[in-house]
Amino acid sequence: MLFHLGQMATATQSLDEETFQILGEEIGWNIQLVSAEEEDKELLQQFDINLDEEELQDDEDLKPRPPVVTVMGHVDHGKTRLLDTIRKTNVIAREAGGITQRIGAYQVTVDLEGEPRKITFLDTPGHEAFTAMRARGAELTDVAILVVAADDGVMPQTVEAINHAQAAKVPIVVAVNKIDVPGANPEKVRGQLTEFGLVPEEYGGDTMFVDISAKQGTNVDKLLEAVLLTADAELDLRANPDMDARGATVEARLDKGRGAVATVLVQSGTLHVGDAIVAGTSYGRVRAMLDENGRAMDAAGPSTPVQVLGLTSVPTAGDLFLVASDDRAARQIAEKRQATERAAQLAKRRKVVSLEDFKKKFAESEIDMLNIVIKGDSSGSVEALEDSLMKIEVSDEVGIQVIHRGVGAITQNDVNLATVDKAVIIGFNVRPNRQVADLAEREGVEIKYYSVIYRAIEDIEASLKGMLKPEYEEVVTSHSEIREIFRSSKFGNIAGVMVQDGEVKRGTKCRILRNGVATVNDLEISSLRRFKDDVQSVKEGYEAGINLGTFNDIELGDIIETFEMQEVERK
Ligand code: GDP
């Protein structure tokens with residue numbers, strides 16, 4: 001049936017929505033496409049879990065919860081520094097005298113009008129992480145802090161960050177950073193941002209701007225206040241703490257001693273030690289929970305980030321987690337999801353192309369793929385990197401395919417895979433050991449190391465451009481006028497010429513111009529002589545004898561124009 005519809009597809013190949021609709025009409029079936037989310041909802045319902053029940057909750061069950069904040073902005077504008085400064089002034093950490101560790105999120109307590117209030121920070125700066133999370137359905141962020149360096153102003157990633165936050169309908173608080181730098185111009189930043197709809201309160205808008213120095217800690221307390229005030233004014237942040245916990249995975253990795261370690265952010269309900277949980281395709285029982293100060297916790301309520309031990313595998317950043325009724329249910333949900341994911345990956349790998357497209361592209365062998373293996377230090381970074389890479393578009397001719405991804409060091413297995421599929425390995429904050437590096441070297445597998453996402457993106461983009469077939473442009477190299485024609489029975493006609501400009505070289509391509517019009521185009525200077533000698537080239541102002549091989553249709557006054565094809569660099 002598909003073949004008749006002009007589609008060539010094998011029995012296991014995926015089709016697009018339109019094709020399904022047409023196919024449905026042909027065979028008289030009513031086709032309804034079910035989104036992956038709906039499918040998952042149905043799966044959960046089989047285990048008596050209803051994700052929509054939050055909407056049905058009684059108002060009185062809802063209690064205020066702290067805002068969750070993501071720091072975004074252009075590279076080098078001070079996001080990391082700001083997160084560090086805020087963490088260092090974290091009151092709880094000082095009280096505990098403990099050493100804070102990076103778990104992907106942390107909470108601070110701020111005094112607002114005499115009342116202690118908490119704020120949760122996601123510790124992965126940058127909008128890549130923000131969008132990667134959103135792409136997986138994890139809408140974690142309540143308020144975004146947009147960091148703009150006062151000595152640099154609005155930059156491309158500043159604009160991107162604004163777009164992402166606005167698309168997610170997340171209110172923005174602007175931190176105008178680096179005001180300690182001489183020449184910093186916070187007013188200019190205010191002016192620039194007005195164009196993007198961020199109008200400072202002092203100018204009658206509704207966005208709070210705070211001038212800070214992340215380096216010196218100036219006004220960071222005011223910034224935190226602004227976050228709370230913005231949240232209070234624009235959002236109604238409440239959740240029911242008295243239910244099974246739900247939330248999202250912020251970060252996850254494999255720890256040598258402790259197994260899978262995942263930082264989750266509880267969004268509603270309360271997570272307890274001993275709960276059976278599912279996060280994406282991984283499951284387990286909460287064996288222990290730790291806060292960012294390494295202290296054990298028994299329970300974690302809404303907006304609390306907590307490190308969870310006890311999952312049987314490493315979930316992906318952005319994976320939603322929930323508590324199941326028991327271990328068995330948790331396992332079954334995870335296994336069903338794994339099966340769905342495998343099917344989806346298979347479908348993705350076989351890219352759907354229409355018959356026409358496919359034939360054409362294949363015939364011209366136009367499809368070129370850059371295969372990539374990504375290894376990183378955390379699932380968050382791997383995810384964010386993959387996401388950003390998939391967004392690179394250079395041309396229709398070349399594409400990127402991430403054939404394998406994972407958390408941890410680069411292994412022999414990765415190199416083997418890269419060898420087979422001719423892939424490049426990207427190590428994000430990870431390295432191979434000696435043997436693996438040697439193996440890669442022997443096999444000729446390229447391993448590239450990065451610690452900044454955008455550097456990786458720049459590099460890949462550049463190499464993709466390199467994969468494009470070179471473009472050529474014609475460059476005219478000389479003109480020679482035919483002044484005499486010698487007829488030789490052995491060689492055919494020989495043109496006696498005067499080189500008017502440039503340089504004639506033997507073997508170059510040429511054409512005949514007669515009265516300024518190109519008559520024949522694909523000729524070649526097959527022999528070139530000066531007097532009796534064969535020469536390689538003759539310069540402007542000299543006479544020469546040119547033979548054009550089997551081509552003899554030349555007349556006095558014709559111009560022989562030579563040209564070369566030169567490769568042009570792609571922009
Ligand atoms: P990110 O790329 O946005 O995370 O930027 P970083 O936090 O890594 O900061 C980039 C550079 O700017 C680092 O060298 C910081 O020390 C410096 N920096 C950050 N905040 C300030 C500030 O308030 N004042 C000054 N003078 N330098 C800062």
Side-chain angles (χ1 to χ4, degrees), residues 69-90 100-106 108 119 121-133 141 143-165 170 172-190 192-193 196 198 208-227 250-251 292 317 376-378 380-385 387-388 428-429 449-459:
V69 178
T70 299
V71 177
M72 306 207 271
H74 195 71
V75 66
D76 279 347
H77 279 196
K79 300 179 291 292
T80 313
R81 190 67 188 250
L82 175 62
L83 280 163
D84 284 350
T85 305
I86 296 172
R87 186 180 15 208
K88 277 193 204 113
T89 48
N90 179 352
T100 53
Q101 48 169 176
R102 257 204 89 249
I103 65 167
Y106 61 80
V108 295
I119 305 177
F121 279 90
L122 295 179
D123 202 356
T124 25
H127 51 263
E128 285 98 343
F130 176 78
T131 27
M133 292 260 191
T141 307
V143 177
I145 292 183
L146 179 68
V147 177
V148 188
D151 60 344
D152 202 19
V154 171
M155 298 302 277
Q157 287 168 311
T158 315
V159 179
E160 263 178 55
I162 296 171
N163 291 340
H164 288 310
V170 168
I172 295 172
V173 173
V174 180
V176 183
N177 192 28
K178 304 199 186 183
I179 51 162
D180 59 298
V181 176
N185 190 348
E187 281 313 304
K188 189 175 149 207
V189 174
R190 282 175 173 70
Q192 287 179 323
L193 285 176
F196 300 94
L198 298 176
M208 296 189 74
F209 281 65
V210 185
D211 294 345
I212 64 160
S213 164
K215 192 173 173 185
Q216 300 179 343
T218 323
N219 287 344
V220 171
D221 51 343
K222 292 216 173 66
L223 178 66
L224 298 181
E225 271 174 29
V227 167
V250 173
E251 210 176 86
E292 69 269 25
D377 54 343
S378 71
S381 55
V382 171
E383 186 90 349
L385 187 57
D387 246 45
S388 314
F428 194 79
N429 286 329
Y449 308 102
Y450 299 97
S451 52
V452 185
I453 288 187
Y454 86 96
R455 291 260 149 71
I457 294 165
E458 272 178 8
D459 266 18

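Keep in mind that what you see is a predicted model, and the values were worked out from it rather than measured. Numbering of ligands and ligand atoms starts at 1, following listing order.
Screening Leu198, Val147, Ile162 against Val174 for a side-chain contact (heavy atoms from CB on, under 4.5 Å) leaves a single residue, Leu198.
One option in His77, Arg81, Lys178 has a heavy atom closer to atom 11 (C) of ligand 1 than any other, and that option is Lys178. Distances from atom 22 (C) of ligand 1 to the heavy atoms of Lys215, Lys79, Gln157 put Lys215 nearest.
Put simply, the side chain of Ser378 gets close to the backbone of Ser381: a donor and an acceptor are under 3.5 Å apart. The main-chain N or O of Gly73 is found under 3.5 Å from a side-chain atom of Lys79 such that the two form a donor-acceptor pair.
Atom-to-atom distance recorded for Asp76:CG and Tyr454:OH is 6.0 Å, nearest 0.5 angstrom.
For atom 6 (P) of ligand 1, the nearest protein heavy atom (residue, atom name, distance) is Gly78 CA, 3.7 Å. Regarding atom 20 (N) of ligand 1, its nearest protein heavy-atom neighbour is Asn177 ND2, 3.1 Å. The single protein non-hydrogen atom nearest to atom 2 (O) of ligand 1 is Asp76 N, 2.7 Å, given as residue, atom name and distance. Scanning all protein heavy atoms for the shortest distance to atom 26 (N) of ligand 1 gives Asp180 OD2, 2.9 Å.
Asp152 and His77 share a donor-acceptor pair across their side chains, judged by distance under 3.5 Å alone. Counted by atom type alone, Tyr450 and Asp459 present one or more donor-acceptor pairs between their side chains at under 3.5 Å.
With respect to the salt-bridge test (charged N to carboxylate O, under 4.0 angstrom), the residues Asp84 and Arg87 qualify. With respect to Arg190 and Asp211, a salt bridge is recorded, a charged nitrogen being found less than 4.0 Å from a carboxylate O.
At least one heavy atom of His74 lies less than 4.0 angstrom from ligand 1.
Proximity of atom 13 (C) of ligand 1 to the protein is not indicated, since no non-hydrogen protein atom lies closer than 4.0 angstrom.
By the criterion of a heavy-atom distance under 4.0 Å, both the backbone and the side chain of Thr80 are placed next to ligand 1.
If you number the atoms of ligand 1 from 1 as listed, the ones under 4.0 Å from a heavy atom of Val75 come out as 2 (O).
Polar contact check, Ala214 against ligand 1: a nitrogen or oxygen pair lies under 3.5 Å apart.
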